[in-house]
2 protein chains.
Amino acid sequence: MKSKRKTTIKDIANVLKITPSAVSRALNDNPRISDKTKEAVKKVALELEYQPNQLASALRSGKSNLVGVIVPKTNSYFFSTVVESIENELNKEGYNVIITQSNESYKKECRNIQTLLQTQVDGIIASLANETVDFSHYEKIKSKGIPLILYDRGENDIGVDYIGIDDYESSHLVVEHLVEQGCKRIAHLAGLSQARIYKNRIRGYVDALEKHNLPLDTDLIKESNLTLEDGRKKTKELLRLPNRPDAIYAAGDYAALGALQILQENNIKVPEEIALVGFSNEPFTSLIKPTITTISQHNKKIGKLVAKQFLKRVNDKNWKPVLTKTILKAELIIRDSSKKI
Amino acid sequence: MKSKRKTTIKDIANVLKITPSAVSRALNDNPRISDKTKEAVKKVALELEYQPNQLASALRSGKSNLVGVIVPKTNSYFFSTVVESIENELNKEGYNVIITQSNESYKKECRNIQTLLQTQVDGIIASLANETVDFSHYEKIKSKGIPLILYDRGENDIGVDYIGIDDYESSHLVVEHLVEQGCKRIAHLAGLSQARIYKNRIRGYVDALEKHNLPLDTDLIKESNLTLEDGRKKTKELLRLPNRPDAIYAAGDYAALGALQILQENNIKVPEEIALVGFSNEPFTSLIKPTITTISQHNKKIGKLVAKQFLKRVNDKNWKPVLTKTILKAELIIRDSSKKI
DNA sequence: AAATATTGTTCAATCGTTTGAACAAAGTAC
DNA sequence: GTACTTTGTTCAAACGATTGAACAATATTT
C-alpha cells in the first residue's frame with residue numbers, strides 16, 4: 001500500500017521533533033541551520049519520499065520557477081531546436097519551461113500571454129507571430145515587472161531584450177554569393193514587410209544589389225507569407241515576367257521549396273538556369289535534390305543566449321525593461337541549388 | 001504610473017465593503033451569492049484589472065489546472081499537431097498545457113516526469129521515448145493518483161489509458177497495397193522491436209506476407225532507429241543482397257527518405273524498380289519527388305481523443321488507473337513512390 | 001405570530017511553504 | 001560575572017485563494 005497523503009515538511013519536522021521552519025531552512029541550505037540538522041532532515045526527506053510542493057513555495061516566495069516560452073510554431077526545426085536549447089539551459093538553473101504555441105495567430109498569442117501570466121511564470125520568452133502588428137499585449141508583461149525576452153521575431157517598439165541574427169547582413173551574404181555565381185537578375189520572395197526581420201531582409205537585399213551595381217527591379221520582389229503554397233504561386237508569377245530572373249532568394253525555406261517545385265515542373269534547371277537560395281536551414285533543405293543553399297541561424301546559440309539573458313534579468317533586482325539587442329552573424333550554407341560554378 | 005502591487009480578492013472586497021470569501025464565491029458563480037453582488041464584484045474586478053492568482057487557488061483547491069504533455073520530439077509534424085489539438089481541446093476546459101520534450105532520451109523523460117509532478121500538474125499525457133524500456137518512473141504518476149494518458153508510443157504494462165492507431169492493421173494496408181502493385185519481395189525497415197508499436201508493425205508485416213502467400217525472408221527485415229541516416233545505411237545493406245527487394249516499407253518517413261536517397265543515388269527507379277512506402281505522413285512526403293506513399297495517423301483526432309480521455313478521468317472522482325485502449329484505424333495515403341500501375 | 005426555509009454573507013480554518021523577528025543556549029570578551 | 005556575539009532553533013505571520021459552517025436577514029409556510 002502506497003502512502004495516502006503526500007509528505008510535507010511538517011511530517012519531516014514531526015519525525016525529527018523540530019519545527020517546519022527549521023526543516024524548510026535545512027532543505028534550502030540556510031546558513032543558520034547546523035550541518036547535523038541539515039543532514040538529518042535530508043535523510044528523512046529522502047526516506048519519506050518528500051516532494052516539495054512548488055505551488056506553496058511559489059505562492060509564498062513569489063517565485064514559480066516557471067518560464068513561459070511562446071513559439072509561433074513548434075513544428076519548425078528552427079524553433080524546436082531553439083526551445084530545446086533554452087530548456088537545457090534553464091533546467092540547469094532550476095527553472096521549468098512551459099511551451100505554448102501561437103500558431104502564427106495574433107489572437108492565440110494574446111491568449112498565450114494571458115495564460116502564462118495567470119500561471120505566474122517568472123518570465124516570458126517570445127517570438128512574435130507573423131500576424132502580430134499590435135504589441136499592447138506585451139505591455140502587460142512589462143507592467144507585471146517580469147522579464148520579457150524576444151528572439152528571432154522581435155520588435156524595437158516593445159523595448160525589451162532581443163536576440164536574433166543579422167537579417168540585413170544575411171541578405172548581403174546571399175546576394176553576394178549569387179553575384180559571385182554570375183547571377184544578374186536576382187528575385188526575392190520576401191516575407192511580410194510588416195515584420196521587422198523581413199523588412200531587414202528586404203533592405204539588405206536592396207542595398208546589396210546596389211552595392212554590386214545591379215539595377216533594382218521591383219517586379220522581382222514578391223511579398224509572401226512564405227508558405228510552400230505561396231512560394232509556388234509567387235514563383236509562377238516570376239516565371240511569367242517578360243524578363244525572367246536568373247536567381248531566386250526566398251526569405252524562408254518552405255517558400256524556396258515551393259519555388260523549386262515550380263521550377264522543376266517547368267523543366268527549368270536549378271541552378272544552371274535559375275539559382276535558388278532559402279532561409280533557415282530547415283532539415284529538408286539538405287535532404288532534397290538539389291540540396292538548397294540557405295542561411296543557418298545558429299539555433300542552439302540563440303537559445304542559449306536567450307536563456308542567459310533571462311537569467312541575467314531575473315537575478316537582477318530592481319531592473320527595468322530596456323531595449324537591448326544581441327545580433328548574431330548568420331552563416332550562409334552553400335549547397336547545390338546555387339552552385340553554378 | 002501603473003499599480004504597484006497586484007490586485008487580490010481582498011482589494012475587491014475592500015472596495016465593495018464585503019468579505020474576500022464573498023468575492024471568491026461571486027467570481028466562481030456560487031449560487032449562494034446574489035446576482036447583484038456578483039455583478040458588482042465582476043465590475044470592480046474588471047476595473048482593478050484583477051487577475052486571479054492560480055497558485056493560491058491551486059494550493060487551496062489542490063487543482064493546478066495544468067496538464068503536462070511529454071513529447072518525444074516537438075520537431076515532428078505528427079507530435080506537434082497532436083499537441084496542438086490537445087491544447088485546443090484542454091484550453092476550452094480551462095486547462096493550460098505544459099509541453100516538455102524527452103528528445104527520445106530515457107533520462108530526460110524521467111526528469112520531465114519529475115518536473116511535471118513537482119509543478120503539481122493535474123495529469124500527464126505522454127508518448128514514450130524510443131529508448132524507454134523500463135517504466136517504473138510512470139508508476140510514480142500512477143501512485144500520485146493523477147490521470148496518466150499515453151498516446152502513440154504506449155505500453156500495456158503501464159496499465160493506463162492509451163490512444164493510438166492500429167499499427168498491426170497499418171502494416172496490412174501497406175503490404176496489401178504493395179502486393180496489388182505486383183511486388184513480391186517486400187523489405188521492411190522496422191523500428192526498434194523493443195517498442196510495442198514497432199513490434200506490432202513487424203507482426204503485421206509478417207502476417208500480411210503470409211496472408212498473401214509471400215515467403216518470409218528475414219534478410220529483408222532491417223531493424224533501425226528510423227532516422228534518415230540509418231535509413232540510408234540499412235537501404236544500402238538491402239541493395240547488397242543477392243536477391244534485391246522490389247519494395248521497401250519503412251516504419252518511419254525519415255527512414256523512407258533515406259531509402260529514397262540511396263535508391264536515387266544508385267539510379268534505381270522509384271517506384272518502377274523498387275516501390276517505397278513510409279509511415280507518419282510527415283509533410284515532406286508530399287513535397288518531394290517522387291511523393292512518398294505513407295500512413296496517416298489522424299493526428300488531430302488522436303489529440304482530441306487524448307484530451308477527452310483526460311477530461312473524463314480527471315472529472316471522475318474515485319477512479320483507478322486501468323488499461324484501456326482506443327485504437328484508430330490508420331489511413332494509407334497512396335502517392336507516386338508506390339504507384340507501379 | 002411562531003416556526004421553518006431560503007438567501008446572502010461572514011468567520012475562520014486551511015493548503016504547504018517561506019521568512020522576519022524573537023528567543024534560548026553556548027561561546028567569547030573584558 | 002556581566003555584557004555582547006554567535007549559533008541553532010522556534011514562533012507566528014504571511015502568500016492569495018477556497019470552503020465548511022455559522023449566522024443574520026428576509027421570505028414562506030402553517
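These numbers were taken from a predicted model, which means no experiment stands behind them. Naming: A, B, ... by sequence-line order, numbering from 1 per chain.
- Classification of K73(B) and E104(B) as a salt-bridged pair fails, no side-chain N sitting under 4.0 Å from a carboxylate O.
- I18(B) comes within 4.0 angstrom of sugar-phosphate atoms only, judged by non-hydrogen atoms across all strands, and of no base.
- For dT18(C), its base sits under 3.5 Å from the side chain of R60(A) at one donor and acceptor pair at least.
- Summarising the local packing, CD of E139(B) is surrounded by more than 12 heavy atoms from other residues, nucleotides or ligands at distances under 6.0 Å.
- For the pair I9(B) CD1 and dC15(D) P, the computed distance is 12 Å after rounding to whole Å.
- We find that NZ of K10(B) is positioned 13 Å from P of dC11(C), with the value rounded to whole Å.
- Remark on DNA chain C: of its neighbouring residues K17(B) and A56(B), the 5'-side contact belongs to K17(B), judged by nearest-heavy-atom nucleotide.
- Residues of residues 30-38 of chain B that place a heavy atom closer than 4.0 Å to DNA chain C, in numerical order, are R32(B), I33(B), S34(B), T37(B).
- Here the C1' atom of nucleotide dA12(C) and the CZ atom of R25(B) are 12 Å apart, to the nearest Å.
- Remark on the helix from dA1(C)-dT30(D) to dC30(C)-dG1(D): inter-end axis angle 50°, axes from five-pair C1' superpositions, rounded to 10°.
- Mapping A22(A) and A22(B) onto DNA chain C by nearest heavy atom places A22(B) at the nucleotide closer to the 5' end.
- Atoms CG (N14(A)) and P (dT10(D)) sit 12 Å apart, rounded to a whole Å.
- A donor-acceptor pair is defined here as one N or O able to donate and one able to accept, closer than 3.5 Å; no such pair exists between the side chain of N103(A) and the backbone of S105(A).
- With rounding to whole Å, D11(B) atom CG is found 9 Å from dG16(D) atom P.
- Heavy atoms of S57(A) sit under 4.0 angstrom from primed sugar atoms or phosphate atoms, though from no base atom.
- Within 6.0 Å of NZ in K38(A) there are more than 12 heavy atoms belonging to other residues, nucleotides or ligands.
- Dense packing is recorded around CD of E47(B), with more than 12 heavy atoms of other residues, nucleotides or ligands lying under 6.0 Å away.
- Taking atom CG of residue L27(A) and atom P of nucleotide dG8(D), one finds them 17 Å apart after rounding to whole Å.
- We find that D29(B) and K42(B) are joined by a salt bridge, their nearest charged nitrogen and carboxylate oxygen being less than 4.0 Å apart.
- One interatomic measurement links the two molecules: CG of D29(A) to C1' of dG8(D), which rounds to 15 Å at whole-angstrom precision.
- OP1 or OP2 of dA17(D) sits under 4.0 Å from a side-chain N or O of T8(B).
- Judged by a 6.0 Å distance limit and a 45° cone about the ring axis, R196(A) is positioned over the six-membered ring of Y162(A).
- Between the C1' atom of dA13(C) and the CG atom of L59(B) lies a distance of 13 Å, rounded to the nearest Å.
- K142(A) NZ: more than 12 foreign heavy atoms inside a 6.0 Å radius.
- Annotation: side chain of I70(B) is in contact with side chain of I124(B) (closest heavy-atom distance under 4.5 Å).
- The base of dC11(D) is paired with the side chain of S21(A) by a donor and an acceptor separated by under 3.5 Å.
- Contact annotation: N28(A) reaches the phosphate of dT18(C) (side-chain N/O to OP1 or OP2, under 4.0 Å).
- Of the charged side-chain nitrogens involved, at least one lies within less than 4.0 Å of a carboxylate oxygen, so that K92(B) and E89(B) count as a salt-bridged pair.
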